[in-house]
Amino acid sequence: MKIKYTTSKSTLGEVLVAATERGVSAVYLGDAAPELVRELRNEYPRAEISPEKGVLSEWVSEIIARVEGVAPRRELPLDLQATAFQRRVWQELQKIPRGCTKTYSQVAKAMGSPRAVRAVARACATNPVSIVVPCHRVIRTDGKLAGYRWGLVRKERLLERERV
């Protein structure tokens with residue numbers, strides 16, 4: 001597998017976008033680009049990973065705009081390795097409208113698997129393309145924020161921006 005990546009700055013820190021020739025395969029948020037590149041290499045240890053600027057620029061611009069609270073302007077192609085269950089969860093997350101949230105229980109019920117709350121939470125936690133698949137829109141039943149790979153402060157800010 002060949003993966004190209006680039007990093008860019010946003011108001012939420014560094015954003016890494018990685019893709020194969022078929023589509024976006026990773027979107028990571030963090031404080032430092034080298035740390036994000038390390039995570040990408042750890043997640044895809046057998047892939048041939050290299051930096052790229054030009055080809056990804058259109059996708060990066062779209063993702064950065066979403067981070068900054070702009071409504072999606074276009075669909076982005078995805079190239080994800082996932083189980084059938086993860087794909088179902090991620091498809092369900094993409095149905096949650098901007099500015100809205102659902103609980104893990106609501107997502108599980110919407111999928112027809114009301115008892116799979118923990119599995120839904122795990123699929124959210126392993127989502128490699130945050131922002132594009134908006135796992136930040138899933139909250140606890142009590143309305144509180146929980147478990148976001150890129151930090152609860154980023155999750156809260158993403159939700160605030162989408163509500164505006």
Side-chain angles (χ1 to χ4, degrees), residues 1-96 98 104 107 111 113 116 118-138 145-159 161-162:
M1 173 184 247
K2 292 183 180 182
I3 299 175
K4 302 284 188 186
Y5 74 88
T6 190
T7 59
S8 185
K9 294 193 182 309
S10 77
T11 57
L12 293 182
E14 291 288 330
V15 178
L16 177 141
V17 178
T20 67
E21 61 188 18
R22 292 184 296 211
V24 177
S25 55
V27 177
Y28 298 170
L29 305 172
D31 297 325
E35 173 186 307
L36 297 177
V37 173
R38 243 185 331 275
E39 283 198 50
L40 179 67
R41 291 186 191 285
N42 287 339
E43 189 141 346
Y44 298 96
R46 295 194 328 243
E48 184 180 308
I49 297 173
S50 58
E52 173 64 60
K53 296 266 183 222
V55 178
L56 296 177
S57 63
E58 202 172 306
W59 293 345
V60 171
S61 296
E62 174 67 22
I63 292 166
I64 294 295
R66 293 180 189 192
V67 167
E68 302 303 340
V70 176
R73 297 172 290 202
R74 60 181 288 218
E75 285 289 316
L76 295 173
L78 298 176
D79 185 9
L80 304 174
Q81 297 177 4
T83 66
F85 185 82
Q86 286 172 317
R87 285 188 191 284
R88 286 181 43 224
V89 172
W90 298 340
Q91 288 169 348
E92 194 62 39
L93 299 183
Q94 289 178 299
K95 295 176 188 176
I96 304 171
R98 278 175 38 81
Y104 295 99
V107 172
M111 292 174 48
S113 302
R118 293 180 106 181
V120 165
R122 182 74 184 134
C124 289
T126 58
N127 169 21
V129 288
S130 59
I131 310 303
V132 181
V133 174
C135 54
H136 61 277
R137 295 182 188 154
V138 185
L145 302 184
Y148 190 57
R149 180 176 178 180
W150 313 114
L152 292 182
V153 170
R154 285 189 180 96
K155 182 172 184 169
E156 183 175 36
R157 287 190 182 147
L158 286 166
L159 291 171
R161 291 172 182 185
E162 290 183 352

Heavy-atom pair of closest approach, residues P134 and L93 = CG-O, 3.4 Å

Contact check, side chains of M1 and E48, non-hydrogen atoms, under 4.5 Å = no

May I ask you to say whether E62 pairs ionically with R74, meaning some side-chain N is under 4.0 Å from a carboxylate O?
-> no

Closest heavy-atom pair and its distance - G69, R98 | O-NH2, 3.0 Å

So does R22 have more than 12 non-hydrogen atoms from other groups sitting under 6.0 Å from CZ?
-> no

Among all residues two or more places apart in sequence or in another chain, which pass the side chain to side chain donor-acceptor pair (under 3.5 Å) test with Y28?
-> E43

Determine which pairs satisfy ring-ring contact (aromatic ring centres under 6.0 Å, His included) with at least one residue from residues 39-90, sequence neighbours left out, and list them in order.
-> none

Excluding sequence neighbours, so at least two apart, what forms side-chain contact (heavy atoms from CB on, under 4.5 Å) with S8?
-> V60, I64

Closest heavy-atom contact between I3 and A18?
-> CG2-CB, 3.6 Å

So which heavy atom on R66 is nearest to which on V132, and how close?
-> NH1-CA, 3.7 Å

d(R154 CZ, R149 CZ) to nearest 0.5 Å is 12.0 Å

Any salt bridge between E35 and R38, counting N to O under 4.0 Å?
-> no

Is there a donor-acceptor contact under 3.5 Å linking the side chains of D79 and S25?
-> no

Quick one: does S113's side chain have a donor or acceptor within less than 3.5 Å of a partner on A116's backbone?
-> no

Residue pairs fulfilling salt bridge (Lys or Arg N to Asp or Glu O under 4.0 Å) with at least one residue in residues 122-131, sequence neighbours excluded = none

What pair of heavy atoms forms the shortest contact from V138 to V107, and how long is it?
-> CG2-CG2, 4.3 Å

Apply salt bridge (charged side-chain N to carboxylate O under 4.0 Å, His left out) to E21 and list each qualifying residue two or more places apart in sequence or on a separate chain.
-> none

Side-chain heavy-atom pair Y5, V17 within 4.5 angstrom cut-off | no

Test salt bridge (charged side-chain N to carboxylate O under 4.0 Å, His left out) applied to R46 - qualifying residues, sequence neighbours left out = none

In short, L56 meets K4 closest at the heavy-atom pair CD1-O, 3.6 Å

Only counting residues at least two apart or in another chain, list the ones meeting salt bridge (charged side-chain N to carboxylate O under 4.0 Å, His left out) with R118.
-> none

Test item: K9 and V15 side chains (from C-beta on) under 4.5 Å apart, heavy atoms = no

Less than 4.5 Å apart, any side-chain heavy atom of I63 and any of L76?
-> yes

Among all residues two or more places apart in sequence or in another chain, which pass the side chain to side chain donor-acceptor pair (under 3.5 Å) test with E162?
-> H136, R137

With S130, which residues qualify under side chain to side chain donor-acceptor pair (under 3.5 Å), at least two apart?
-> W150

Interatomic distance, CG@L80 vs CZ@R87, rounded to 0.5 Å, equals 6.0 Å

Nearest 0.5 Å please: distance from the OG1 atom of T20 over to the CG atom of L78.
-> 10.0 Å

Sorted by chain and residue number, the side-chain contact (heavy atoms from CB on, under 4.5 Å) partners of L152 (sequence neighbours excluded) come out as L145, Y148, K155

Which residues pass the salt bridge (charged side-chain N to carboxylate O under 4.0 Å, His left out) test with E68, sequence neighbours left out?
-> R161

With sequence neighbours left out, what residues match S57 under side chain to side chain donor-acceptor pair (under 3.5 Å)?
-> none

Go through the steps to decide whether V27 and L16 satisfy the test side-chain contact (heavy atoms from CB on, under 4.5 Å), and finish with yes or no.
-> CA-CA 6 Å; V27 177; L16 177 141; over 6 Å; no

Would you say the side-chain atoms of D31 pair up with the backbone N or O of G13, donor to acceptor, closer than 3.5 Å?
-> no

Between R88 and M111, is there a donor-acceptor pair closer than 3.5 Å when you use the side chain of the first and the backbone of the second?
-> yes

